[in-house]
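Shown next, in structure tokens, is the structure this report addresses.
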Amino acid sequence: MRSRVRGWRWRRNPLRRRSDVVEACAVTVIAMLLLLGAPLAGVAAGWWAHDAAQAKAEAQRAARHVVVGVVVENAPASVPTAPDGKQHMYWVKVRWTGPGEAPRTGSARVPAGTRRGDHAGVWVDVRSRGVRPPLSDAAIWQHTITTGALTSGNVAAVVLVAHFVVRRVAARRRLAEWEREWARTGPEWTRRTA
């Protein structure tokens, strides 16, 4: 029957080696880093990413506006709507004119089935160049969650690699200690008696 003694590496014991104590300390530190450090790093990185993306979206909203343009080409025919009722959107060419400027052509997202000559909203910057719409709240949260999850995963990976290195070094030291001990006691055990 096998019994397990908890905390044997911490107790005074003639068989306990220094490498056992180092390994036990490393396991404790690594457990704390995995349980607290990685999630906290992910939350901090996600928080920072959210603030940065929010600031970027606000700057984009301040620098961009919608103008009405005329669709130059037909959008693909209507497709069945998604289960959530949203209509599929396509990128098509649209022409618009800025105040006091020559007509410009660019791309805009329009619903399926939009015909040539229909009107569509086009996001433009201060120079009337066609640009993508500002970041949506969903895109900001997607960026936040992705950054936080990847940061947590990377911190956990670094901690686990460090744990592997500590265990490897401890095992080498343990084997070296055993070799030294055997070199000292081995001749006594292998001596032939006549």
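Just so you know, residue 1 is the first one in the sequence shown, and it goes up from there.
- When all heavy atoms are compared, the tightest approach of R132 to W91 is NH1-CZ2, 3.2 Å.
- In the hydrophobic cluster analysis, where Ile, Leu, Val, Met, Phe, Trp and Tyr join through side-chain heavy atoms closer than 4.5 angstrom, V72 is grouped apart from V110.
- The hydrophobic clustering, which links ILVMFWY residues whose side-chain heavy atoms are closer than 4.5 Å, places I145 and W48 apart.
- A donor-acceptor pair under 3.5 Å is formed between the side chain of T114 and the backbone N or O of P111.
- Scanning both residues, V92 and E73, for their nearest heavy atoms gives CA-OE2, 3.4 Å.
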For E23 and R167, what are the C-alpha separation, side-chain angles and deciding distance, and is it a salt bridge (Lys or Arg N to Asp or Glu O under 4.0 Å)? CA-CA 7 Å; E23 196 172 348; R167 288 195 58 155; 3.4 Å; yes
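- In this structure, CD1 in I30 is found 5.0 Å from NE2 in H163, a value given to the nearest 0.5 Å.
- Residues H119 and V70 are in side-chain contact: their nearest non-hydrogen atoms beyond the backbone lie under 4.5 Å apart.
- Side-chain contact check for W96 versus V124: some heavy-atom pair is nearer than 4.5 Å.
- Nearest heavy atom pair, residue A38 against residue A156, reads CB-N, 4.2 Å.
- Judged by distance alone, with hydrogens and angles left aside, the side-chain atoms of D125 form no donor-acceptor pair with the main-chain N or O of R64 at under 3.5 Å.
- Residues A41 and T151 come closest through the heavy atom pair O-CG2, 3.6 Å.
- H88 is listed as a side-chain neighbour of Y90, based on a closest heavy-atom distance under 4.5 Å.
- Ion pair R61/E58 not flagged as a salt bridge, since none of the NZ, NE, NH1 or NH2 atoms sits closer than 4.0 Å to an Asp/Glu carboxylate oxygen.
- For E177, the CD atom is densely surrounded, since the number of other residues' heavy atoms within 6.0 Å is greater than 12.
- Atom CE of M89 has more than 12 heavy atoms from other residues, nucleotides or ligands within 6.0 Å.
- The CG atom of L135 sits 4.5 Å away from atom CD of Q60, with the distance rounded to the nearest 0.5 Å.
- Closest approach of S152 and G42 over heavy atoms only: OG-CA, 3.2 Å.
- In terms of heavy-atom proximity, A112 sits nearest to A77 at CB-O, 3.8 Å.
- Following chains of ILVMFWY side-chain contacts shorter than 4.5 Å, one cannot reach V165 starting from V158, and the two form parts of different hydrophobic clusters.
- To the nearest 0.5 Å, atoms CG (L175) and CZ (R180) are separated by 11.0 Å.
- In this structure, CZ on R172 lies 6.0 Å from CZ on R168, to the nearest 0.5 angstrom.
- Using a 4.5 Å heavy-atom threshold, the side chains of V155 and L34 count as separate.
- When side chains are defined from C-beta on, I140 counts as touching D137, because their heavy atoms get closer than 4.5 Å.
- By the 4.5 Å heavy-atom criterion applied to side chains, S128 and R104 are counted as neighbours.
- The local environment of CH2 in W47 is sparse, with at most 12 non-hydrogen atoms from other residues, nucleotides or ligands closer than 6.0 Å.
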